[in-house]
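In the text below, chain A, chain B and the rest are named by the order of the sequence lines, each starting its count at 1.
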Amino acid sequence: MGKISISSGRIYVERAGHSVFDTSARSASLFPDSTRLISSASIVFPHLLLGYCYRTVQLPGDPANTGVCWDTYIPQEWGPQYTDNPATDVRNLPDVFIGSVPTGTDYLDVMVNVTRTVAPHADVDGLPFQTIVPSGVWFKADGGCCVVEHDNLVARMFEFALIGTNVYLRRYQSVGSASISFSGGITNIGNLSNNPGAGFLNAVLGGLVDIRGPHPTGYNRLHGGNNDRANIHNRAYVIPGTSSTSGTFTNTNNYSSTFSCSYIIHPGRINN
Amino acid sequence: MPKTLRATQTGCIIVNGNAATAVALFTNPMLDPANVLFHSDFNYYGVVAKNLSVTINHAAIPGYTAMLNSTIIQGQKVETSYALLYHGLGYIPKYFVSYNGYMLPQGVPIQIDGVKVRYVTAWADASYIYIYDAGFSSDTALAAISLLYKVVVFRNSSAVPGMPMLELNATADRYTFGQGKFQISQEHMRLAALGGDTPFALALGKTTDINHGGVRVVPPGGSALTYGPYGGSFSGSAFQSMTI
């Protein structure tokens with residue numbers, strides 16, 4: 001049985017002794033439906049900054065010293081908080097204005113439905129970067145943000161950010177490093193400055209560029225004994241060869257991604 | 001501060017203030033939302049379904065090894081969705097899902113075993129709330145795991161046709177504001193008196209950060225979950241604990 005109490009300074013409703021409405025308690029409310037931002041956006045993550053590495057191998061039926069060349073993702077950070085700096089491989093990703101919400105908005109209740117419409121080129125494992133959230137369904141994005149890809153030390157994320165009374169779409173992408181290490185005797189491994197003898201490649205092994213063509217002059221050779229293996233964060237590894245052939249090549253691999261994102265952004269307020 | 005309730009055939013409002021304030025904010029509550037305690041144009045988190053103890057048995061992700069272009073490939077991704085709760089509303093509702101005493105954001109690395117990882121995200125359709133599971137193995141399997149969730153589903157916020165703007169009927173035990181936007185028969189998610197006494201929360205800023213190819217999720221009210229070589233300093237955003 002319910003009960004309502006209306007007195008000066010308080011309106012109180014209880015059910016079975018449990019408060020269900022109380023003007024003396026704090027509450028959260030979502031503003032009128034007319035204030036919602038409902039639309040869709042194409043979220044584009046740009047191509048990555050690349051380096052290269054190679055090894056040589058004699059595949060069945062091929063002459064000796066044919067090459068296998070991969071591109072590598074060098075460590076890099078992209079986001080709205082950065083200013084372009086080629087020396088440190090950080091890049092700006094500008095905010096995209098989505099719309100305005102009423103004065104007094106404290107938080108955004110965000111529902112999204114994302115689908116990858118342009119996949120990046122296949123990674124070293126033969127697949128594009130893996131997505132980690134469901135595709136083509138609606139889910140709540142707490143805090144307005146969502147990591148959409150995380151694979152091979154590459155992460156991509158978007159955010160609907162409330163700044164004043166404006167909502168912006170923010171994009172971030174990040175690439176780690178030090179992911180290729182050798183378990184055996186290392187005789188001639190270079191990092192991206194082609195420094196022989198370094199024990200790791202300071203980048204992430206990316207997609208296959210060419211399996212029988214030449215490798216790019218001046219880049220790194222994955223080189224070790226017959227039992228050496230170049231581990232790629234323990235999920236894949238290459239078996240290094242023992243010699244090299246240099247030349248020129250064209251890399252058409254493109255690691256940009258595009259997501260279609262439908263969204264319902266409902267501004268809300270916490271009354272303290 | 002006095003509280004004033006005003007209702008007509010077209011709307012219902014409760015304000016911090018006197019009758020003049022109620023009249024002024026009745027037609028335009030956005031003039032001063034801080035003093036609007038209820039308005040029939042606003043929307044609230046009215047609970048229509050819940051289960052505060054749902055165990056999901058997340059399956060193991062088998063190990064995998066293959067050769068590709070003289071590269072040994074280890075590990076695979078397996079996607080699965082598990083039904084958390086049937087709501088049968090016929091539309092996609094708002095919902096809260098918590099795990100281990102804190103709110104569950106999207107894309108949470110909920111199980112980490114070296115390079116092996118399981119990400120989970122709650123999602124909704126017109127009938128169910130689900131847990132999406134993206135599991136990644138290495139050459140060895142990611143173990144199965146049983147996890148306990150709490151889920152609360154909210155009705156959509158539209159008015160209920162035929163219900164009055166205000167009904168205070170002790171005989172029939174009906175107390176309704178704003179054509180059913182508040183009903184005594186329905187629980188409502190409200191702000192907790194103090195933070196941390198409930199697993200549910202509203203995030204007031206982003207819950208996730210990426211850096212150096214790693215991911216860090218800080219659930220509202222929870223501890224950081226970090227996967228990969230994250231090199232940033234994200235410690236979470238402000239949040240507001242909620243309770244039923």
Would you say [X] and [Y] make side-chain contact, with heavy atoms under 4.5 Å?
X	Y	answer
B/Trp123	A/Asn113	no
B/Ile184	A/Phe21	no
A/Lys140	B/Met103	yes

Inset, instruction - State which residue, out of B/Tyr44, B/Tyr45, B/Phe42, fulfils the side chain to side chain contact (heavy atoms under 4.5 Å, CB included) condition with A/Leu30. - result: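 Answer to the side chain to side chain contact (heavy atoms under 4.5 Å, CB included) test with A/Leu30 among B/Tyr44, B/Tyr45, B/Phe42: B/Tyr45.
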Under 4.5 Å from a heavy atom of chain B, the part of [X] involved:
X	result
A/Gln76	neither
A/Thr131	both
A/Met111	side chain
A/Arg170	neither

Legend entry - Candidates B/Tyr230, B/Tyr227, B/Phe136 - the one meeting ring-ring contact (aromatic ring centres under 6.0 Å, His included) with A/His150: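 Result for ring-ring contact (aromatic ring centres under 6.0 Å, His included) with A/His150: B/Tyr227.
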Legend entry - When A/Cys145, A/Cys146, A/Gly143, A/Pro134 are compared by non-hydrogen pairs under 4.5 Å with chain B, the top option: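 Most heavy-atom pairs within the cutoff with chain B belong to A/Pro134.
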Inset, instruction - Between chain B and each of A/Ala155, A/Gly268, A/Ala161, count heavy-atom pairs under 4.5 Å; write down the option with the most. - result: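 Looking at each of A/Ala155, A/Gly268, A/Ala161 in turn, A/Ala155 comes out on top.
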Inset, instruction - Would you please test B/Tyr132 and A/Val137 for side chain to side chain contact (heavy atoms under 4.5 Å, CB included) and show each step? - result: CA-CA 10 Å; B/Tyr132 166 83; A/Val137 299; over 6 Å; no
Legend entry - Short side-chain to backbone donor-acceptor contact, B/Arg190 and A/Ala28, under 3.5 Å: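 No, the answer is negative, given that no donor and acceptor are paired below the 3.5 Å cut-off.
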Inset, instruction - Say whether, by atom type as modelled, one donor and one acceptor occur between the side chain of B/Gln106 and the main chain of A/Asp142 under 3.5 angstrom. - result: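 Present.
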Legend entry - Ring-face cation contact, A/Tyr12 with B/Lys3, 6.0 Å cut, 45° max: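 No; the conditions do not both hold, so B/Lys3 does not lie above the ring face of A/Tyr12.
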